[in-house]
Amino acid sequence: MLDVHGLGKVYEGSGRRTEAVRDLTFSVAAGELVCLVGPSGCGKTTLLKCVGGLLAPTAGEVRLAGRTVDGPPPGMAFVFQEYGRSLLPWMRVGQNVELPLKQKRLSRERRRALVADALESVGLADAAGAYPWQLSGGMQQRVAIARALAYEPEVLLMDEPFAAVDAQTRAELEDLVRRLWRERGITILFVTHDIDEAVYLGERVLVLSASPTVVQQQLKVDLPVERDQLHTRVDPRFAELRTRVYEQVQAAKLGR
Ligand SMILES: Nc1ncnc2c1ncn2[C@@H]1O[C@H](COP(=O)(O)OP(=O)(O)OP(=O)(O)O)[C@@H](O)[C@H]1O
Ligand SMILES: [Mg+2]
């Protein structure tokens, strides 16, 4: 579904040159949920922006279903790191969720139905008429997820979407992502700096090195598909996997 080949990104401007991503190659199969984990500043956001066609790579390429990505492709949706800045404060929740749908040629009824269904899926059916700033942080992030879902993407890119919410909300949102992934068969690329989160969510974890970034290691998460916060996190296999990823992340930080 998604092929990233030899991807590199160098930022240049105002006399500064930053090589954020050096040489990334990996692929994601249709319907897979892959987590990317790497230290802060290693180029995770840069990578996702290149994958989503929001930023042009300086080397290599990204292919979606065999076609080179050179701008935001129609079948892709993004959930950003900073939800506070991604929702429009002057629009109601329902309007925020509906906004990207206006690019698609859909009837008004169809748009309304998609918005209602997406808000229902994230447990916010009754918040459509509220403004984003009237909601808690976790609720705002659910709105951002609903907006991505309503768009009916084939591929969903999520950039540390839960970094700014409290631990309990985060656990709920993680379960929400697993549930939506299973129900809707979306291909998900989920970026996080949290090792436990990567292992809990992913079917596969890619460990990124420190900037300039390469893929340090890949790990298959052979935990049952059915996961829950109570049992999965105390599963000995979970502990083993998180230790393996932790070691890799440490090695990546030291540049080994
Ligand atoms: N627009 C930009 N112009 C110049 N340099 C940039 C730009 N965006 C990012 N960088 C640099 O590229 C590197 C990677 O940044 P990026 O935001 O991709 O990292 P990240 O892994 O997402 O970090 P975090 O975990 O803090 O979100 C950093 O050194 C950063 O300073
Ligand atoms: Mg980032």
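Just so you know, these numbers come straight off a predicted model, no measurement behind them. Residues: numbered from 1 along the sequence shown. Just so you know, these numbers use all the heavy atoms, side chains as well, and skip hydrogens, waters and symmetry mates. Each ligand, and each atom within it, is numbered from 1 in the order the structure gives.
Expressed to the nearest 0.5 Å, how far CG of Asp166 lies from OG of Ser136 amounts to 8.0 Å. Atom-to-atom distance recorded for Glu98:CD and Leu119:CG is 10.5 Å, nearest 0.5 angstrom.
Seen from the ring of Tyr200, Arg233 counts as a face-on cation partner, given the 6.0 Å and 45° thresholds.
Of all atoms in ligand 1, numbered sequentially from 1 with element shown, those under 4.0 Å from a heavy atom of Gln81 are 27 (O).
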Note to self: side-chain contact (heavy atoms from CB on, under 4.5 Å), that's the test. Do Val51 and Met76 meet it? Break it down for me.
What the structure shows: CA-CA 10 Å; Val51 171; Met76 233 185 234; 4.1 Å; yes
Next item on the list: Mind running salt bridge (charged side-chain N to carboxylate O under 4.0 Å, His left out) on Glu12 and Arg16 for me, showing each step along the way?
Entry: CA-CA 6 Å; Glu12 258 169 312; Arg16 277 187 358 128; over 6 Å; no
Next item on the list: Please lay out, stage by stage, how Ile186 and Val155 fare under the test side-chain contact (heavy atoms from CB on, under 4.5 Å).
Entry: CA-CA 6 Å; Ile186 314 172; Val155 179; 5.8 Å; no
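The Mg ion (ligand 2) has no N, O or S atom of Ser40 inside 2.8 Å of it. Counting backbone and side-chain atoms alike, Thr46 contributes no N/O/S atom closer than 2.8 Å to the Mg ion (ligand 2).
The shortest heavy-atom distance from Glu160 to ligand 1 is under 4.0 Å.
Contacts of Thr46 with ligand 1, taken as heavy-atom pairs under 4.0 Å, involve both backbone and side chain.
At the Mg ion (ligand 2), the vertex angle linking OE1 of Gln81 with OG1 of Thr45 is 90° (nearest 10 degrees).
Among Val21, Asp159, Thr45, the residue whose heavy atom lies nearest to atom 17 (O) of ligand 1 is Thr45.
For a threshold of 3.5 Å applied to N or O pairs, the pair formed by Gly43 and ligand 1 contains at least one separation below that value.
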